[in-house]
Amino acid sequence: MSEQRKLVLITGASSGLGLEIAKNFAQDNYDIALSGSSDRIFEAADTLRDLGVEAYPHKADAATYDGVESFWNFVSELKRPIEAAVLNVGIGLGGAFTDTDLDDELKLISINISGTVHMAKRVVQHMVPNGRGRILIVSSISATQPTPYETVYGPSKAFGYMFAESLREELRETGVTVTALLPGPTDTNFFSNAGMDSSEIGSSEKNDKVVVAKQGYEALMKDEDHVVGGNEETKQQAEDNRTTPEPVKAANHAKKARLQN
């Protein structure tokens, strides 16, 4: 039965948005190859199997070349065509740039930028010869504005957004589609993991991860170039960011993201 299903590859699927997106694929009868950096990835696989599909979990460090490559090799050994890929793995880091640790910032860049490019290269070179495939790159509404006190994170997500849009155009005639998901603040562990619990944005009400995941999944299936994930207020913010001057957006974000000591 499993061999009759389509296969999707999802990075960063241990919990949060990645796992919720995986559930959407499972409900549409996809088998799922999923990666994460902790043992929670095996629990996530059990959750997906309970939805009636097969799940193939792989634990790896997405901050390293070998970690990304090991997941790709793991999926390749399944010897099945990859019909969809969700490049979701990513981390945040809050705090003033003068205070944050350089190693933490270089790790963020390795995961959010280098890791995304690395996995995208493998996925694209697999899908294009097959003449089909769908790729979802998870960026952020942060890609549409300066992000002081998340000074490296926001630009890393801007890279992901423009990378997705650029790749989409390149692949237009190949049968492979690319969609970017730009979530607003979402009810996952993101802000806590980024050390931002004391900030205004960290303690504020968040968008429902189930809703955001479904918005991303549906946009991917409809071949939309991008979708803003969240409620109407979040979507309006993204729209306003198109015309608001950069210094104004920077000042607004600084108020929300500055840590309170």
Side-chain angles (χ1 to χ4, degrees), residues 2 5-80 82 84-94 101 103-120 122-123 136-138 140 153 156 160 181 183 186-197 202 206 208-210 212-213 216-217:
S2 179
R5 300 190 192 103
K6 296 179 179 180
L7 179 67
V8 58
L9 171 161
I10 305 180
T11 64
S14 295
S15 61
L17 203 51
L19 179 55
E20 293 305 323
I21 293 172
K23 290 176 183 177
N24 279 270
F25 277 99
Q27 289 160 0
D28 268 357
N29 207 35
Y30 280 75
D31 287 339
I32 300 157
L34 62 161
S35 70
S37 61
S38 74
D39 288 338
R40 288 183 301 167
I41 196 65
F42 303 107
E43 298 172 13
D46 288 339
T47 297
L48 297 171
R49 292 187 187 111
D50 288 343
L51 296 176
V53 299
E54 185 52 81
Y56 306 96
H58 183 73
K59 180 181 175 181
D61 183 358
T64 68
Y65 179 95
D66 289 345
V68 176
E69 195 72 0
S70 72
F71 182 45
W72 175 252
N73 290 335
F74 172 81
V75 177
S76 297
E77 289 171 3
L78 298 175
K79 299 189 183 305
R80 294 171 60 180
I82 300 168
V86 180
L87 308 187
N88 169 68
V89 67
I91 61 172
L93 180 64
D101 185 81
D103 287 343
D104 290 340
E105 284 153 347
L106 294 178
K107 179 180 179 180
L108 184 153
I109 291 168
S110 294
I111 292 175
N112 295 11
I113 298 179
S114 301
T116 297
V117 172
H118 184 166
M119 186 56 75
R122 299 291 181 244
V123 167
L136 181 66
I137 295 177
V138 180
S140 168
Y153 170 75
S156 78
L181 170 59
T186 305
D187 61 345
T188 68
N189 292 326
F190 173 84
F191 289 100
S192 182
N193 292 339
M196 296 181 67
D197 283 336
K206 308 292 191 302
D208 185 341
K209 62 187 176 184
V210 175
V212 173
Y217 182 76

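In this structure, A63 and K107 approach most closely via the heavy-atom pair CB-CG, 4.0 Å. Scanning all heavy atoms of the two residues, the minimum distance from S114 to S110 falls at CB-O, 3.3 Å. Nearest heavy-atom pair across A33 and L7 is N-CD1, 4.0 Å. Between V138 and P183 the shortest heavy-atom distance is CG1-CG, 4.2 Å. W72 and I82 make their closest contact through CZ3-CD1, 3.4 Å (heavy atoms, listed as atom of the first residue, atom of the second, distance). Heavy atoms only, all atoms of each residue included: G92 and Y153 are closest at CA-CD1, 3.7 Å.
Qualifying ring-ring contact (aromatic ring centres under 6.0 Å, His included) partners for F25, counting only residues two or more places apart in sequence or in other chains: Y30, Y217. K206 meets the side-chain contact (heavy atoms from CB on, under 4.5 Å) test with P185, D187, F191, S204; sequence neighbours excluded. Applying the side-chain hydrogen bond (donor to acceptor under 3.5 Å, both in side chains) test to D197 and every residue at least two apart in sequence or in another chain returns S192. Take N112 and apply the side-chain hydrogen bond (donor to acceptor under 3.5 Å, both in side chains) test, not counting sequence neighbours, and it matches S156. In this view, T64 and D61, D66 satisfy the side-chain contact (heavy atoms from CB on, under 4.5 Å) rule, not counting sequence neighbours. Listed by chain and residue number, K59 satisfy the salt bridge (Lys or Arg N to Asp or Glu O under 4.0 Å) test with D39 (two or more places apart in sequence, or in another chain). Residues satisfying the salt bridge (Lys or Arg N to Asp or Glu O under 4.0 Å) criterion with E69, sequence neighbours excluded, are R122. Taking the side-chain contact (heavy atoms from CB on, under 4.5 Å) definition, one finds that N193 meets it with N189, sequence neighbours left out. With sequence neighbours excluded, the residues satisfying ring-ring contact (aromatic ring centres under 6.0 Å, His included) with H58 are F71, F74. For T186, the side-chain hydrogen bond (donor to acceptor under 3.5 Å, both in side chains) test picks out no residue, with sequence neighbours left out.
Taking CD1 of I111 as the reference point, atom OG1 of T116 lies at 9.5 Å (rounded to 0.5 Å). Atom CG of residue L34 and atom CD1 of residue I10 lie 7.0 Å apart, to the nearest 0.5 angstrom. To the nearest 0.5 Å, the span separating CG on D101 from CG on L93 amounts to 8.5 Å.
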TODO: Go through the steps to decide whether L181 and I21 satisfy the test side chain to side chain contact (heavy atoms under 4.5 Å, CB included), and finish with yes or no.
DONE: CA-CA 11 Å; L181 170 59; I21 293 172; 4.3 Å; yes

Quiz prompt | Worked verdict on R80 versus D31 for side chain to side chain contact (heavy atoms under 4.5 Å, CB included) | solution = CA-CA 11 Å; R80 294 171 60 180; D31 287 339; 3.1 Å; yes

Name the atoms and distances for all side-chain donor-acceptor pairs under 3.5 Å in residues 12-20, with sequence neighbours left out.
unit_1: S15; atom_1: OG; unit_2: R40; atom_2: NH1; d: 3.4
unit_1: E20; atom_1: OE2; unit_2: K23; atom_2: NZ; d: 3.2

Indicate every side-chain donor-acceptor pair of residues 41-51 with a distance under 3.5 Å to a residue at least two apart or in another chain.
unit_1: D46; atom_1: OD1; unit_2: R49; atom_2: NH1; d: 2.9
unit_1: T47; atom_1: OG1; unit_2: E43; atom_2: O; d: 3.2
unit_1: R49; atom_1: NE; unit_2: E54; atom_2: OE2; d: 3.0
unit_1: R49; atom_1: NH2; unit_2: A55; atom_2: O; d: 2.9

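With hydrogens and angles disregarded, no donor-acceptor distance shorter than 3.5 Å links the side chain of S37 to the backbone of A60.
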